[in-house]
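A, B, ... follow the sequence lines: proteins, then strands. Residue 1 opens every chain.
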Amino acid sequence: MSSKSSQNPASDNPNKQPESKSTLDEIRATRLEKVEQLKQEGLNPFAYKWELTHHAAELQETYADLAAGEEVDITVSIAGRITARRVFGKLAFFNLQDESGTIQLYLDKKQIQAKMSDLPNAFNILKKLTDVGDIIGAKGTIKRTEKGELSVKVNEFEMLTKSLLPLPDKWHGLTDTEKRYRQRYVDLIVNPPVRETFRRRAKITAAIRRYLDEQGFIEFETPTLLGEAGGADARPFITYHNALQMELYLRIATELHLKRLIVGGFEKVFEIGRIFRNEGISTRHNPEFTGLELYQAYADYNDIMILTENIVIAAASEVFDTLKVSYQNTEIDLNPPWRRVTMTQLVFDATGLDFENFQSFTDAEAAAKEAGIEISDNCKTIGQLLNECFEQRVEETLIQPTFVLDYPKEISPLSKPHRTKPGLVERFELFIVGRETANSFSELNDPIDQRERLEIQAAKKAAGDLEAQGVDEDFLAALEYGMPPTGGLGIGIDRLVMLLTDSPSIRDVIAFPLLKNTSAVIQSFDYDSEKKILKVEFVNGSIYKYNDVPEEIYTEMKATPSLGQFFNSRVRDKYGFDREK
RNA sequence: GGGUUGCUAGCUCAAUGGUAGAGUAUUCGGCUUUUAACCGACUGGUUCUGGGUUCGAGCCCCAGGCAACCCA
């Protein structure tokens, strides 16, 4: 190693001994050495800037009809990451990838040496000091090679960023899902379709914003940190504000604040923002996700159905030429109008249970049991039972876009009673591919009724229901000033993007999905027997102090054959802690 | 929360309880029209972690970690 650093590999040295450079550490060390060698050549391995005139896709398109062997004497300047190298004695081909796509670099020794006369070693630098993964800039002319590959015939190049770590296998790529999510940047480099998915996501949200703007909606940013989390049935994340000495909740919906804005006189408001729910993780759930909520004064849920169609169509039209989209090999037809059907009708069709005619919960329960519905202990009303039947028998069958109308009052504490159907509310949910994709109601604006409903929620919460809402007094005060009749809508943007990008998992449309920390390795630990504090230092440098830990734990911990396992099962999550570092 | 599967070289994957291997990448040599370039040579391992059984464990047993999928 030390003998090598004294020589200059950029010049061909026939006496060089073969060296083993195979482990990750060795590869990295070799590349760091190349960094030094670039510096010795007077080059900056981490340059400041590159003026580019074109992108790869643009050139591919412009010169699509250029015949093999033809050249165009126009100078272009491009930049990107080297994704493949094919090096010959005095000629080399690199594939260069930029955001738009890839293009080949045609690197001819004679030409480069002639044009880069102040760097006599230029071609050898290219051969010896560049690697797949490096980011370079190149200027040259356009040439389609005899083999038909459009290329930039390079006059001059510059190393812009030397890459120190090897990229995954160019043929098999990166398939390990865990690594793809934990190191999304690598995923994005080597799996171009992933970039396309996120590009589409951005287009979809932009299209929705544009459409709503055209319709006269204005966008707000309501608070994320709240003293009380309301507007949905969900368990919130709790955090703490030191200076105010108060617990705060991360929002589980934007509903209650957007409605305050309607009270304040705005007639069309919306927010596209991050929502946090302290729930499990699945292919359809991430603890933080993006919600669109909008509220339109003087509208009811019938108006909102049409608006929902228009929003989804605006989003789909942005990324497709057709409204027939394929999701996981099923064709979904988004052409409006979408099916509109009541929950009661759907449950009747699926189970034969007629919820319009049950006189008592006991009757309904008996009939549902007969039909094979599983009834949980907290299902105590006809409305809850109707919802159970719907979830168990209908939901997953709603593949084509379907508005499910008129929900039971007791599971919809913020919606207005149905104008003709007792026990139901004016609410719809949109289902596509068996998933709830949107939720809407004619908003409840009777402050007295709203208070009663929230107090029922608060009672549930007091009884231990972690998903029930509390009473937001300020929201009720706002309603008492008067909220016009209003239609509201929530759309799960991530699920919509899943549909429009054919992604099977929500993690495929969230750039950095939440993953569990890999368990920390303990460096050392110490115990203060007077204060009963166990101090643990991890190899990543962080130090935690666990409070009120009995001395036996420390004694056992010293004796255990497996420290990490003992810590995970007996200390972590068992004692309160302060993070010291 | 429950179940199933997986975790081995940078990446993709093999390996009856019996010397841990291949392809690719890296390193070195050759090559002026390549497209997963090719030819030749050399390397590269905490088999996720900790115990146990065994003469011997990547493989069997126990416990734990992480992930994917399914279910609630």
Using atom [atom1] of [X] as one end and atom [atom2] of [N] as the other, report the distance to the nearest whole Å.
X	N	atom1	atom2	result
A:N95	B:A36	CG	C1'	11 Å
A:L514	B:A67	CG	C1'	13 Å
A:E149	B:U32	CD	P	21 Å
A:D134	B:U26	CG	P	11 Å
A:E26	B:U43	CD	C1'	8 Å
A:R184	B:A67	CZ	P	15 Å
A:I506	B:A68	CD1	C1'	16 Å
A:L466	B:G1	CG	P	14 Å

### Query
Quick one: does A:R235's side chain get under 4.5 Å of A:R277's, heavy atoms only?
no
### Message
Quick one, A:N44 and A:E158 - any side-chain contact, counting heavy atoms below 4.5 Å?
### Response
no
Please list, one pair per line, the donor and acceptor atoms closer than 3.5 Å that link side chains of residues 55-63 of chain A to other protein atoms, with sequence neighbours excluded.
| from | atom 1 | to | atom 2 | distance (Å) |
| --- | --- | --- | --- | --- |
| A:E58 | OE1 | A:H55 | N | 2.9 |
| A:Q60 | NE2 | A:T102 | O | 2.8 |
| A:T62 | OG1 | A:E58 | O | 2.7 |

### Message
Checking A:F123 against A:F157 for the ring-ring contact (aromatic ring centres under 6.0 Å, His included) test, could you report, in this order, the C-alpha distance in whole Å, the side-chain angles of both residues, the deciding distance, and whether it holds?
### Response
CA-CA 10 Å; A:F123 191 76; A:F157 70 90; 8.8 Å; no
How far does the [atom1] atom of [N] sit from the matching atom of [M], given to the nearest Å?
N	M	atom1	result
B:G23	B:A14	P	16 Å
B:U47	B:G21	C1'	12 Å
B:C60	B:G2	C1'	25 Å
B:G17	B:U12	P	26 Å
B:G56	B:G18	C1'	7 Å
B:C38	B:U33	C1'	13 Å
B:U5	B:U27	P	41 Å
B:C7	B:A15	C1'	16 Å

Considering every strand and a 4.0 Å limit on heavy-atom distances, what is the contact class for [X]: base, sugar-phosphate, or nothing?
X	answer
A:T145	base
A:V87	base
A:L165	nothing

## Note on the structure
Every stem of 3 or more Watson-Crick or G-U pairs under 3.5 Å that RNA chain B joins, in order of first number, is B:1-7 with B:65-71, B:10-13 with B:21-24, B:27-30 with B:38-41, B:48-52 with B:60-64
### Query
Of A:Q104 and A:A84, whose closest RNA chain B nucleotide lies nearer the 5' terminus?
A:Q104
### Query
With nearest nucleotides of RNA chain B determined for A:F93 and A:D131 from heavy-atom distances, which residue corresponds to the more 5′ nucleotide?
A:D131
### Query
Are A:S412 and A:R427 close enough that a side-chain donor and a side-chain acceptor fall under 3.5 Å?
yes
### Query
Quick one: do the A:Q392 and A:E388 side chains pair a donor with an acceptor below 3.5 Å?
yes
### Below 4.0 Å: OP1/OP2 of B:U27 and any side-chain N or O of A:K34
yes
Ion pair present between [X] and [Y], side-chain N to carboxylate O less than 4.0 angstrom?
X	Y	answer
A:R144	A:E71	no
A:K162	A:D134	yes
A:R85	A:D131	no
A:K39	A:E41	no
A:D187	A:R180	yes

### Query
According to the ring pair (Phe, Tyr, Trp, His ring centres under 6.0 Å) rule, which pairs have a member within residues 74-121 of chain A, sequence neighbours left out?
A:F93-A:Y106
Which atoms of nucleotides 9-11 of chain B (N or O only) lie under 3.5 Å from a protein N or O atom, and what are those distances?
| from | atom 1 | to | atom 2 | distance (Å) |
| --- | --- | --- | --- | --- |
| B:C11 | OP1 | A:K179 | NZ | 2.7 |
| B:C11 | O2' | A:D169 | N | 3.3 |
| B:C11 | O2' | A:G173 | O | 2.7 |
| B:C11 | O2 | A:D169 | OD2 | 3.1 |

Between [options], which nucleotide gets closest to the side-chain atoms of [X]?
X	options	answer
A:K90	B:C66, B:U32, B:G44	B:U32
A:L91	B:G44, B:A67, B:U32	B:U32
A:E178	B:A36, B:C66, B:U27	B:C66

## Note on the structure
For A:D377, the side-chain hydrogen bond (donor to acceptor under 3.5 Å, both in side chains) test, sequence neighbours excluded, returns none
Write out a two-atom table: protein N or O, nucleotide N or O from nucleotides 69-72 of chain B, distance below 3.5 Å.
| from | atom 1 | to | atom 2 | distance (Å) |
| --- | --- | --- | --- | --- |
| B:C69 | OP2 | A:R507 | NH1 | 3.1 |

### Query
Can any side-chain N or O of A:R86 pair as donor or acceptor with the backbone N or O of A:A92 at less than 3.5 Å?
no
